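Here the structure is a predicted model, which is why all the values come from computation and not from measurement.
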There are 2 protein chains.
Amino acid sequence: MSVTRVTIKDVARSAGVSIATVSNVLNGTGRVSADTVRTVRRAIQELKYSPSQAARNLKDKKSRLIAVIVPLLHKGFLHDNPFYWQLVGGIEEGARAHRLHIMLVGADSEESYSFVKERHLDGLIVIGAFEGSEALERIVQWGVPSVFVDSYLADPNVYQILSDDEKGGYLGTKHLIDLGHRNIALLTGEIEPNGVHEARFLGYRRALKEAGIGYRPAWAVEEPPTMEGGARSVPRILALQGVSAVFATSDVAAMGLLSGLSERGLSVPRDLSVAGFDDLPYSRFATPPLTTVAQDIGLKGREAVRLLQAHMDNKEPPYRRKLIPVELKARQSTRFLEEGEGEPVDANEIRKGGDG
Amino acid sequence: MSVTRVTIKDVARSAGVSIATVSNVLNGTGRVSADTVRTVRRAIQELKYSPSQAARNLKDKKSRLIAVIVPLLHKGFLHDNPFYWQLVGGIEEGARAHRLHIMLVGADSEESYSFVKERHLDGLIVIGAFEGSEALERIVQWGVPSVFVDSYLADPNVYQILSDDEKGGYLGTKHLIDLGHRNIALLTGEIEPNGVHEARFLGYRRALKEAGIGYRPAWAVEEPPTMEGGARSVPRILALQGVSAVFATSDVAAMGLLSGLSERGLSVPRDLSVAGFDDLPYSRFATPPLTTVAQDIGLKGREAVRLLQAHMDNKEPPYRRKLIPVELKARQSTRFLEEGEGEPVDANEIRKGGDG
DNA sequence: CTGAAAGCGCTTACAG
DNA sequence: CTGAAAGCGCTTACAG
């Protein structure tokens, strides 16, 4: 039970050298004769010694530990969007490659972040922070190396990894327009200034404008980017006269929508075309397989670590803000709108339909 | 950039006391006059001091850091089952309640776990370990407080959190039997001795036996518990003469199956009843909403932390092995089999069917 | 090439 | 009630 730790002293004694020498062979520092190196190495092997990070931290003020800050949806609960798991998976992978460990912390707006100093964390990856939040201020002010993912911060000095959200919004909408749709609803998370959803919303508007389609505010339906939110949006969407397609700014919302529509006996894409955003592993297994704007979430995580590492090394990286490319994946949840199918869905008519 | 750290010395100087006194008020140890406490507290506030965990670790050999070990599916990639995100979410929540931080590490069979000693980790939560694995031996041997989740280890001294998998297997199968099905396939992950899937498999067999239905080995279809695995199982399932229902030992496999069936123009539950296991947040939004054996995954995570904390405190907890209850959630992916519907699915007939 | 010593920031007996 | 000192396990100048 009580782990009698093997320390550098034990190794020194066993090898018949000083602890400074052991430290030197451990770190490849100083000048040490090949013979001594060998002896020390052997002692290390025999004693199964591995140096205490805790002691090193104290000396170096380096922990080789970074924190990954994930937003808490409601108090005490990690956001249940599998997107985060994908992203954290990518970060974990990147961290492993850089010989870093990650501390996962779910944080709400009241988080003090005192652990950053207390644990001598080398860096931070913050997911979905918002401009002007107190926490953010604090972090930037401390000067702890940080990378913000999906955060849209105006400060040009801040390191950021984002998806090309505006383009994604454009591509998704354009795809529907190309299929002949003109009455396209947007199902989006709250459009906060400088947020991910705003960027996607802007892409939606650009595609609309380019096609000469007027933008109607009521057609941007805001619901939480969750399956519940998507399911709940159904009545609001069906209330839109003539709607033939919906572009959702997240796959989870799109899937909730799929579910809500199916519950009402509506068929996708027959009655309504639906496109999403993210390309979660799920999405191609949805019924029907979901057309979506794909981003490489794992890559996003790995890039975040890469950027952070450069920052921690004080190497000026080639960029401060990196955009992860997006691409449209057309699957079976969207369809070509035939001539004269202007208003395929009539909410009243639907209510008479089957109940699944 | 260079963070000049505020140390206990600064506080001591500012408060006009010794560092020992500061330490005592910090930890509520020793005897300190109310006056002194006040002075010191004020100095702490003013200087925004927070003690260095790194230094504490070195003294105490306590880090208030636990590792969560998640299996790597293929080299370098965290298992993409959202189940893990749910579980880790529960663990994070529990850890926060116990003022612990969690280090997330994806580990394959070659992991040395040297970080456990190096970082003075207080404890480990290991997900999905297998009996006899080297890593496991090492961990148990070191005596680092550990809790194993979903691992089925024979050693009665090991702390474990499991779902009541055998019962879940029984309940899922029984549900199908109660609906009139007799030709029930099992879609399962590899049945390894003492594994989660084996327990569910055993429950399946118990229900069969109880109903006087013979067990046919070919009807236990093994595929990886992933959406891909579920989708891929379709031909094997359809080859089973007279199959009218499938019980999948994971929701992800069930959803892959749903997808694969839909692709072939088969309808669930009309052509085939499908039940899953886990009750992922997604499952009730599947098309059709998935009947499944529910377990409270978040609770599982929180319980793991609770057990670990008891273990770390050397308090003998009320149990070493805790079973999380399971319960059947009947939704729309399973249906009552009418009289004379003995063999509703004929593989050959299906192939002629619509293609969606 | 090698070692003695200081110091990282704490906590913990031990005196007083 | 309070403080001086040792020590946790390392690394890093600095001598030699």
Trainee: Name the residue from V37(B), V22(B), V17(B) that meets the side chain to side chain contact (heavy atoms under 4.5 Å, CB included) definition with V32(B).
Mentor: V37(B)
Trainee: Using only atom types and a distance under 3.5 Å, with no angle test, would you say the side chain of S50(A) pairs donor to acceptor with the backbone of E118(B)?
Mentor: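 No; judged by distance alone, with no hydrogens or angles, the pair does not exist.
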Trainee: Looking at R320(B), I want to see if its CZ is surrounded by more than 12 non-hydrogen atoms of other residues, nucleotides or ligands under 6.0 Å.
Mentor: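 Result for CZ/R320(B): enclosed.
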Trainee: For L153(A), does its backbone N or O pair with a side-chain atom of S151(A) as donor and acceptor, under 3.5 Å?
Mentor: no
Trainee: Once you apply a heavy-atom cut-off of 4.0 Å, does T36(B) come out as touching a base, just sugar-phosphate, or nothing?
Mentor: sugar-phosphate
Trainee: Under 4.0 angstrom, heavy atoms only, what part of the nucleic acid is S23(B) near: base, sugar-phosphate, or nothing?
Mentor: base
Trainee: Does dC14(C) pair with anything, Watson-Crick or G-U wobble, both distances under 3.5 Å, and if so, with which nucleotide?
Mentor: dG3(D)
Trainee: Rounded to the nearest Å, what distance is computed from the CZ atom of residue R119(B) to the P atom of nucleotide dG9(D)?
Mentor: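 Checked: the CZ to P distance equals 17 Å.
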Trainee: Expressed in angstrom and rounded to an integer, what is the separation of N24(B) atom CG from dA13(C) atom P?
Mentor: 11 Å
Trainee: Of the residues in residues 10-19 of chain A, which ones touch DNA chain C at a heavy-atom distance under 4.0 Å?
Mentor: V17(A), S18(A)
Trainee: Give the ring-plane orientation class for W85(B) versus W85(A), where under 30° counts as parallel, over 60° as perpendicular and anything between as tilted.
Mentor: tilted
Trainee: Rounded to whole Å, how long is the line connecting atom NZ of K61(A) with atom C1' of dC10(C)?
Mentor: 12 Å
Trainee: Using the closest heavy atom to pick a nucleotide of DNA chain C for each, name whichever of K59(A) or N27(B) lands nearer the 5' end.
Mentor: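 Between the two, 5'-proximity favours K59(A).
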Trainee: Less than 4.0 angstrom from a charged side-chain N to a carboxylate O is my criterion; do E303(A) and K300(A) meet it?
Mentor: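 Salt bridge: no.
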Trainee: Whole Å only: how far is the NE2 atom of H120(B) from the P atom of dC10(C)?
Mentor: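 Spelled out: NE2 on H120(B) to P on dC10(C) is 16 Å.
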Trainee: Considering non-hydrogen atoms only, spot the tightest contact between R306(B) and H98(B) and give its length.
Mentor: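 In terms of heavy atoms, the two residues are closest at CA-NE2, 4.0 Å.
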Trainee: Across the strands shown, which category fits N57(B) at heavy-atom distances under 4.0 angstrom: base, sugar-phosphate, nothing?
Mentor: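 Since no nucleic acid heavy atom lies under 4.0 Å of N57(B), the category is nothing.
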Trainee: Would you mind reading off the distance between K117(B) atom NZ and dG9(D) atom C1', rounded to a whole angstrom?
Mentor: 14 Å
Trainee: Both R56(A) and S33(B) contact DNA chain D. Taking the nearest nucleotide for each, which residue is further toward the 5' end?
Mentor: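 So the residue in question is S33(B).
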Trainee: Can you measure L58(A) atom CG to dG9(D) atom C1' for me and round it to whole angstrom units?
Mentor: 9 Å
Trainee: When you measure from the side chain of A20(B), which nucleotide among dA4(D), dT11(D), dC10(D) comes out closest?
Mentor: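 Nearest to the side-chain atoms of A20(B), counting from C-beta on, is dA4(D).
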Trainee: For the pair made of CG in D60(A) and C1' in dG7(C), what is the distance, rounded to whole Å?
Mentor: 13 Å
Trainee: Over how many whole Å does the gap from K62(A) atom NZ to dT12(D) atom P extend?
Mentor: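 Answer to the nearest Å: 11 Å.
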Trainee: For a quick test of reading the model: is some side-chain N or O of T21(B) closer than 4.0 Å to OP1 or OP2 of dT2(D)?
Mentor: no
